[in-house]
**Q** 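Got a structure for you, questions after.
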Number of protein chains: 2
Amino acid sequence: MNWEERLSRAGWRITMPRRVVMWVLQQAGHPLSPQEIHARGRRFHRSLGLVSVYRALAVLEQVGLVRRVHREDRCDGYILASPGHHHILLCRGCGRTVEFPGAEDLSGLIAHVERRTGFRVEDHLLQLVGLCPPCRGSRLRSRPSGWETTGQEK
Amino acid sequence: MNWEERLSRAGWRITMPRRVVMWVLQQAGHPLSPQEIHARGRRFHRSLGLVSVYRALAVLEQVGLVRRVHREDRCDGYILASPGHHHILLCRGCGRTVEFPGAEDLSGLIAHVERRTGFRVEDHLLQLVGLCPPCRGSRLRSRPSGWETTGQEK
DNA sequence: CTCTTAATGAAAAATTTTTTCAAAAAGAGT
DNA sequence: ACTCTTTTTGAAAAAATTTTTCATTAAGAG
């Protein structure tokens, strides 16, 4: 099911601003701020307003098509979300963003924390930051399936 | 070593605004925004400026005495940091924040991710959100050592 | 094609964060 | 304690970000 269908089924209309935001994020492959999305989006859709970018992001995030990226200094970046709960791996060199599944790998840690604190853990926020192969200067390896790059392959 | 010593050794002066920010965060035990810190801080130090709160937070964070808390909707909360790299467990009921060590528990996951993506992982951001014992309505359990509550025990 | 309702864009308002700069105060050395 | 140098402060202004308002436009169901 494509994003338009998902959006539509969730009761939202397929509009130009929303389409543009999706296009832009698709092509970027790394987190973009509302400002950046707006700037790039205008190339496709001249009259695009910044407000609409904010509104589109809010809707798309709610539907799970877009994800906010949290970095130590700024938290205004958005990337395309692959379906399901994924985590984010961010290259500090080029900003390239990869999502990966693996909530399972956290279950041990979570169980441990629950035992020791008495908390009931309901949700988590996990992001990894590092260097991608090109930025490390090493040769690129094949990327196995299930590990999708957010956005277009370069 | 207390925080004043740590700050001092890092080359910073012990000033009233910095002291007030530490006091306020100590007493709160849950994330506070600069605004909130400012409001509470004025009770101790009438002339405290909001700007100084921002500046104090920047310095204290850099020295590792204070940590920023990332939540889905807002990322402007700060808590006292216990020494070392800890993770944050946040109660969505009362906001109570507990830090826990456990970078080790992530090493498996990180190794896995590195193998599959070719990235070299350098840092991570992990936060858990859940319900603390009081907010779940259950009896409070003892909190083992090494699991410190940020701020004052209630 | 029409009609209803959601969504848009522009402007204004509200918030949040940063910059600037003269005055105050930390703290090292008398 | 007192002096001196340098950092730090607080206020105001500026910049940047996000939200609200509202008349107009355009989705998409019928």
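In what follows, chains are A, B, ... by sequence order, proteins preceding strands, each numbered from 1.
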**Q** Rounded to the nearest angstrom, tell me the gap between atom CD1 in A:Ile37 and atom P in D:dT17.
**A**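 It works out to 13 Å between those atoms.
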**Q** Within the 4.5 Å heavy-atom criterion, are B:Arg19 and B:Glu4 side-chain neighbours or not?
**A**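 Side-chain contact under 4.5 Å: yes.
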**Q** Only one of A:Val21, A:Leu57, A:Val24 clears side-chain contact (heavy atoms from CB on, under 4.5 Å) with A:Tyr78; which?
**A**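 The side-chain contact (heavy atoms from CB on, under 4.5 Å) with A:Tyr78 is passed solely by A:Leu57 among A:Val21, A:Leu57, A:Val24.
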**Q** Starting at CG of A:Leu7 and ending at C1' of D:dG28, how long is that distance when rounded to a whole Å?
**A**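 Computing the A:Leu7:CG to D:dG28:C1' distance gives 13 Å.
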**Q** Quick one: does A:Arg55 reach the base of C:dG9 with a side-chain donor-acceptor pair under 3.5 Å?
**A**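 Check passes, donor-acceptor contact within cut-off.
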**Q** Tell me whether the OP1 or OP2 atom of C:dA26 has a side-chain N or O from B:Thr15 closer than 4.0 Å.
**A**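 Checking B:Thr15 against C:dA26: no side-chain N or O falls below 4.0 Å of OP1 or OP2.
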**Q** Sub-3.5 Å donor-acceptor pair from the side chain of A:Gln127 to the main-chain atoms of A:Arg71, do we have one?
**A**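 No.
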**Q** With the threshold set at 4.0 Å, does a side-chain nitrogen-carboxylate oxygen contact exist between A:Glu5 and A:Arg9?
**A**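 Looking at A:Arg9 together with A:Glu5, the answer is yes, because their closest N to O distance falls below 4.0 Å.
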**Q** Rounded to whole angstrom units, what separation is found between the CE atom of B:Met16 and the C1' atom of C:dG27?
**A**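 Taking CE of B:Met16 and C1' of C:dG27, I get 15 Å after rounding.
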**Q** Could you say whether B:Arg74 or A:Gly11 is positioned toward the 5' end of DNA chain C, judged by the nucleotide with the nearest heavy atom to each?
**A**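 With B:Arg74 and A:Gly11 compared, the 5'-side residue is A:Gly11.
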**Q** Using atom CZ of A:Phe44 as one end and atom P of C:dT8 as the other, report the distance to the nearest whole Å.
**A**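 Computing the A:Phe44:CZ to C:dT8:P distance gives 17 Å.
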**Q** Between A:Arg19 and B:Gly49, which has a closest nucleotide on DNA chain D that is more 5'?
**A**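 Upstream on the strand: B:Gly49.
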**Q** Mind listing the residues from residues 61-72 of chain B sitting with a heavy atom below 4.0 Å of DNA chain C? Number order is fine.
**A**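 By residue number: none to list.
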**Q** What does B:Arg18 touch in the nucleic acid at a heavy-atom separation under 4.0 angstrom: a base, only the sugar-phosphate, or nothing?
**A**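 Sugar-phosphate only.
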**Q** Round to the nearest Å and state the distance from B:Ile14 atom CD1 to C:dA28 atom P.
**A**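 For the pair B:Ile14 CD1 and C:dA28 P, the rounded distance is 10 Å.
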**Q** Do A:Val51 and A:Arg55 have side-chain heavy atoms sitting under 4.5 Å apart?
**A**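 SC-SC contact between A:Val51 and A:Arg55 confirmed.
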**Q** Checking contacts here: which listed nucleotide (D:dT9, C:dT8, D:dT18) is nearest the side-chain heavy atoms of A:Leu50?
**A**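 So the side chain of A:Leu50 is nearest to D:dT18.
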**Q** Rounding to a whole Å, what distance do you find between A:Tyr54:OH and C:dG9:P?
**A**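 So the OH-P distance, A:Tyr54 to C:dG9, works out to 15 Å.
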**Q** Report the nucleotide, chosen from D:dT8, C:dG9, D:dG10, that has the shortest atom-to-atom distance to any side-chain atom of B:Trp12.
**A**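 Within the option list, the nearest is D:dT8.
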**Q** I want to verify a distance call: between D:dT19, C:dT16, C:dT8, whose nearest atom is closest to the B:Gln35 side chain?
**A**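 Out of D:dT19, C:dT16, C:dT8, the nucleotide with an atom closest to B:Gln35's side chain is C:dT16.
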**Q** Which nucleotide, C:dG27, D:dG10, D:dT18, lies nearest any side-chain atom of A:Asp76?
**A**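 Among the listed nucleotides, the one closest to the side chain of A:Asp76 is D:dT18.
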**Q** Using whole Å, report how far CG of A:Leu57 lies from P of C:dT8.
**A**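 Value for this atom pair: 11 Å.
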**Q** Ignoring backbone atoms, test whether B:His45 places a side-chain nitrogen or oxygen under 4.0 Å from the OP1 or OP2 oxygen of D:dG10.
**A**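 So the side-chain polar atoms of B:His45 do come within 4.0 Å of the phosphate oxygens OP1 or OP2 of D:dG10, strictly under.
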**Q** Among C:dG9, D:dA11, D:dT17, which nucleotide sits nearest the side chain of A:Ser47?
**A**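 When the side chain of A:Ser47 is considered, C:dG9 is the closest of C:dG9, D:dA11, D:dT17.
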**Q** Would you mind checking if B:Glu122 and A:Arg92 are paired as a salt bridge, meaning a charged N to carboxylate O distance below 4.0 Å?
**A**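 B:Glu122 and A:Arg92: salt-bridged.
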**Q** Do A:Glu61 and A:Arg67 sit within salt-bridge range, that is, some charged N less than 4.0 Å from a carboxylate O?
**A**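 Judged by the 4.0 Å cut-off on N to carboxylate O distance, A:Glu61 and A:Arg67 do not form a salt bridge.
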**Q** Please determine whether salt bridge (charged side-chain N to carboxylate O under 4.0 Å, His left out) holds for the pair B:Glu114 and B:Arg120, giving the CA-CA distance in whole Å, both sets of side-chain angles, and the decisive distance to 0.1 Å.
**A** CA-CA 6 Å; B:Glu114 289 188 328; B:Arg120 175 74 56 242; 3.5 Å; yes
**Q** OP1, OP2 of D:dA26 versus side-chain N and O of A:Arg13: anything below 4.0 Å?
**A**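 No, outside the criterion.
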**Q** Round to the nearest Å and state the distance from A:Leu48 atom CG to C:dT8 atom C1'.
**A**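 That distance rounds to 10 Å.
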**Q** D:dT9, C:dT8, D:dT17: which one has an atom nearest the side-chain heavy atoms of A:Ser52?
**A**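 The nucleotide sitting nearest to the side chain is C:dT8.
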